Visitor: 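Dropping a structure here in structure tokens format, bear with me for questions.
Throughout, residue positions are numbered sequentially from 1 according to the sequence presented. Values in this document were obtained by computation on a predicted structure and should not be read as measured data.
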Amino acid sequence: RELGAIPTKYHALLANGGAPVAAGRAAVLAALRRRLFEELRAAPEQLPPSLGERVTDWYEEAVVPGLVASAAAAPVRLVLDLVDADGLARERCVSVGRNAVEALPAPAVPAGVRPWLARFEAHERRVLELLRAPSPDHLAAALASDPTCPDSIVERAVEILVRDGSLEEHQ
């Protein structure tokens, strides 16, 4: 109600001054990916047993309807991520039909949501700069603009990532 929008997990995380995000999801997915590759190497003709460990309901709820819509005679309204003219990807309502995806007009953004979008867009721009030109300065800017990253850890995080070679590995 406060924002005039449906809150996401990020609103709960940041609404009261924010809190550090517990590490975990990336590490869990990286470990799962390693297990999947090991299972595929050991038995390439079989479905990897670890594949069932990650819920992929988005596949049936988003990917399959998108594929069906792309072959349908009449356009279907879906929500997809599209890259806008400014280079940022945004979730948009679209009309998907045979060989065509047309972005539908976006609704007005409620005033309470605009500052949140601006914060996350600024962060996304810094991350894109880091990907285009990896450097300690771009890494620091990306971390500092991340609303979920406490300012108090930015300098130390950059030191650690530069020292252990993580920044170089992705150049």
Visitor: Do L32 and V28 sit in the same hydrophobic cluster, where Ile, Leu, Val, Met, Phe, Trp and Tyr count as joined when their side-chain heavy atoms come under 4.5 Å apart?
Guide: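 No; V28 is not reachable from L32 via cluster members.
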Visitor: With heavy-atom distances below 4.5 Å as the criterion, would you say the side chains of E155 and V158 are in contact?
Guide: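 No - every pair of side-chain heavy atoms lies 4.5 Å or more apart.
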Visitor: Charged N to carboxylate O under 4.0 angstrom, E38 versus R35?
Guide: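 R35 and E38: not salt-bridged.
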Visitor: Look at the side chain of H138 and the backbone N and O of A133, then say whether any donor-acceptor pair between them is shorter than 3.5 Å.
Guide: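 Side chain of H138 to backbone of A133: a pair is present.
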Visitor: Check the pair E159 / R156 against salt bridge (Lys or Arg N to Asp or Glu O under 4.0 Å), numbers first and verdict last.
Guide: CA-CA 5 Å; E159 286 175 19; R156 182 74 176 123; 3.3 Å; yes
Visitor: Extract all donor-acceptor atom pairs below 3.5 Å that involve side chains of residues 68-85 and protein atoms in other chains or at least two apart in sequence.
Guide:
unit_1, atom_1, unit_2, atom_2, d
S70, OG, L67, O, 2.7
D84, OD1, R92, NH1, 3.2
D84, OD2, R90, NH1, 2.8

Visitor: Check P136 against V162 and note the closest heavy-atom contact, atom names and distance.
Guide: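 Nearest heavy atoms, P136 then V162: CG-CG2, 3.9 Å.
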Visitor: Is the backbone N or O of L88 less than 3.5 Å from a side-chain atom of E124, with the two atoms forming a donor-acceptor pair by type?
Guide: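 No, because the side chain of E124 does not come within donor-acceptor range (under 3.5 Å) of the backbone of L88.
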Visitor: How far apart are the closest heavy atoms of C149 and V154, and which atoms are they?
Guide: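 Where C149 meets V154 most closely, the heavy atoms are SG-CG2, 4.1 Å.
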Visitor: Give me the atom names and distance for the closest heavy-atom approach of A144 to D151.
Guide: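 Looking at all heavy atoms of both residues, the closest pair is O-OD1, 4.1 Å.
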Visitor: Of all heavy-atom pairs between L139 and L130, which one has the smallest distance, and what is that distance?
Guide: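 Nearest heavy atoms, L139 then L130: N-CD1, 3.6 Å.
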Visitor: Shortest non-hydrogen contact from S145 to A142?
Guide: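 So the two residues come closest at OG-O, 3.1 Å.
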Visitor: Would you call H123 and T148 a side-chain contact if the rule is heavy atoms closer than 4.5 Å?
Guide: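 A side-chain contact is absent here, since even the closest heavy-atom pair is not under 4.5 Å.
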Visitor: Would a 4.5 Å heavy-atom cut-off, applied to side chains only, mark L143 and I153 as touching?
Guide: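 Sidechains of I153 and L143: no contact.
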